[in-house]
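Read the structure below first, then the notes.
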Amino acid sequence: MSDASTHSIVAPHGLGIAPHAPAAFDSPDAQDAQDAHDVRNRGVPFDAAWIDGLRVNHAAVERRTATLAARRSVKKDAQAAWLLKAVTCIDLTTLNGDDTEGRVRRLCAKARRPVRADLVEALGLAPDAIATGAVCVYHRFVAAAADALAGAGIPVAAVSTGFPAGLNPHRLKLEEIAASVADGAAEIDIVVTREHILTGNWRALYDEVRDFRAACGAAHLKAILATGDIRTLANVAKASMVCMMAGADFIKTSTGKEGVNATLDVSLVMVRMIREFRERTGARVGFKPAGGVSSAKSVLAYQVLMKEELGRDWLEPSLFRIGASSLLADIERQLEHHVTGRYSAFNRHPVA
Ligand SMILES: O=C[C@H](O)COP(=O)(O)O
């Protein structure tokens, strides 16, 4: 176990981890981060020693995340810039039983021009300067989304593997991944089998994610841990590491359908494991909080977390995404307030 200092949040093998990203993680420009997008995490052979004895210092986690929530957020022009950056990292999402192709196409139009034209102009940006990081839908709508986003350079992300429960037969999970890739999905958000985590069957978790990795082919793999269902922060840490060992390009907190979805505590543990994995392998793995991230204030806290824990590259969509269905509306309201000094009603910011 690591030293008792408050800085050791996740303590594998006695390695305390300081609360700020090593300078080596900060690249001078975003190009390195974009390059990272092209560099897939190819994974490493399963090694139980990487997770044995992994424990989480809860008090240290809570102390660290309390500083984020209490932080005087960035103000005025700087806040507007951070919020615009956040927009480029949103996986604009609709994952509802009553979704229709029409709703998905409207969401894609919003993804292309996510901020109202008058606000973009008032902020001194070109009309098409800002687009979201991706559009995230069920398999049924992947082809329509790919058609609607043709030429936009915005990837389609498909939730898969029996989302949100993830309890379909393994063979059907692999078939679903392949079908979404065939329909045009460039990113696959898989959900892991929670039982493997709850029973500590880490080899089974590794093997299933390894299979998903292979089924994705050239598509990027995001591994959803469903952290609200896996009981402990130690399980969050171990599952994060196992999914990265298996080749996940991103690790993602939640489906958005659990009772508790993305939280700063869980996110801190996951990004610390991303850092540990980077220090061990050199591979950059992305992070995606999802579910309940619905306010501009909350997304600023996540951005500070990414910058301080992992460095500047992790503010780019190649390494940071936010799975959200209503966040964009609040960001647009904040931007309108920045431009006009007035808050508008939510109904003036329809998403789809
Ligand atoms: O990843 C996608 C989540 O389901 C979105 O959750 P949300 O509707 O709470 O923003």
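Start at 1 and go down the list; that is how both ligands and their atoms are numbered. Computed from a prediction, not measured in an experiment: that's the story for all the values here.
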| Is there a heavy atom in Gly292 that sits closer than 4.0 Å to ligand 1? | yes
| Protein heavy-atom partner closest to atom 2 (C) of ligand 1 - residue, atom, separation in Å | Thr93 CG2, 3.6 Å
| note | atom 5 (C) of ligand 1: closest protein heavy atom, distance to 0.1 Å, is Gly323 O, 3.7 Å
| query | Of all the atoms in ligand 1, which lie at a distance below 4.0 Å from a heavy atom belonging to Lys252? | reply | 1 (O)
| Among Gly256, Ser325, Ser326, Ala157, closest by any non-hydrogen atom to atom 7 (P) of ligand 1 | Ser325
| message | Out of the candidates Thr88, Ile90, Thr132, only one should pair with Pro114 under the side chain to side chain contact (heavy atoms under 4.5 Å, CB included) rule; please name it. | response | Thr132
| request: Would you sort out whether Glu187 and Arg321 count as a side-chain contact (heavy atoms from CB on, under 4.5 Å), showing the intermediate values? | output: CA-CA 12 Å; Glu187 302 177 356; Arg321 296 290 179 80; 2.8 Å; yes
| Any idea which part of Lys257 is under 4.0 Å from ligand 1, heavy-atom wise: side chain, backbone, both or neither? | neither
| said: With a cutoff of 4.0 Å, is Ser294 in contact with ligand 1, counting heavy atoms of the residue only? | reply: no
| request: Would you check, one step at a time, whether the test side-chain contact (heavy atoms from CB on, under 4.5 Å) holds for Val120 with Ile130? | output: CA-CA 8 Å; Val120 169; Ile130 295 280; 5.6 Å; no
| For Ser295 and Asp330, does a side-chain donor sit closer than 3.5 Å to a side-chain acceptor? | no
| Glu195, CD atom: more than 12 neighbouring heavy atoms under 6.0 Å | no
| query | In the protein, what heavy atom is nearest to atom 3 (C) of ligand 1, and what distance, to one decimal place, separates them? | reply | Thr255 O, 3.6 Å
| request: Answer yes if the side chains of Lys173 and Thr193 hold a donor-acceptor pair under 3.5 Å, and no otherwise. | output: yes
| Which bit of Asp91 is near ligand 1, meaning a heavy atom under 4.0 Å away: side chain, backbone, both or neither? | neither
| request: May I ask you to list the atoms of ligand 1 that are less than 4.0 angstrom from any heavy atom of Ala290? | output: 1 (O)
| message | Suppose we measure from atom 6 (O) of ligand 1 to each protein heavy atom; which comes out shortest, and what is that distance? | response | Gly291 CA, 3.4 Å
| message | Between Arg275 and Glu309 (salt bridge meaning N to carboxylate O under 4.0 Å), is one present in this structure? | response | yes
| Is the closest basic N to carboxylate O distance between Glu208 and Arg203 below 4.0 Å? | no
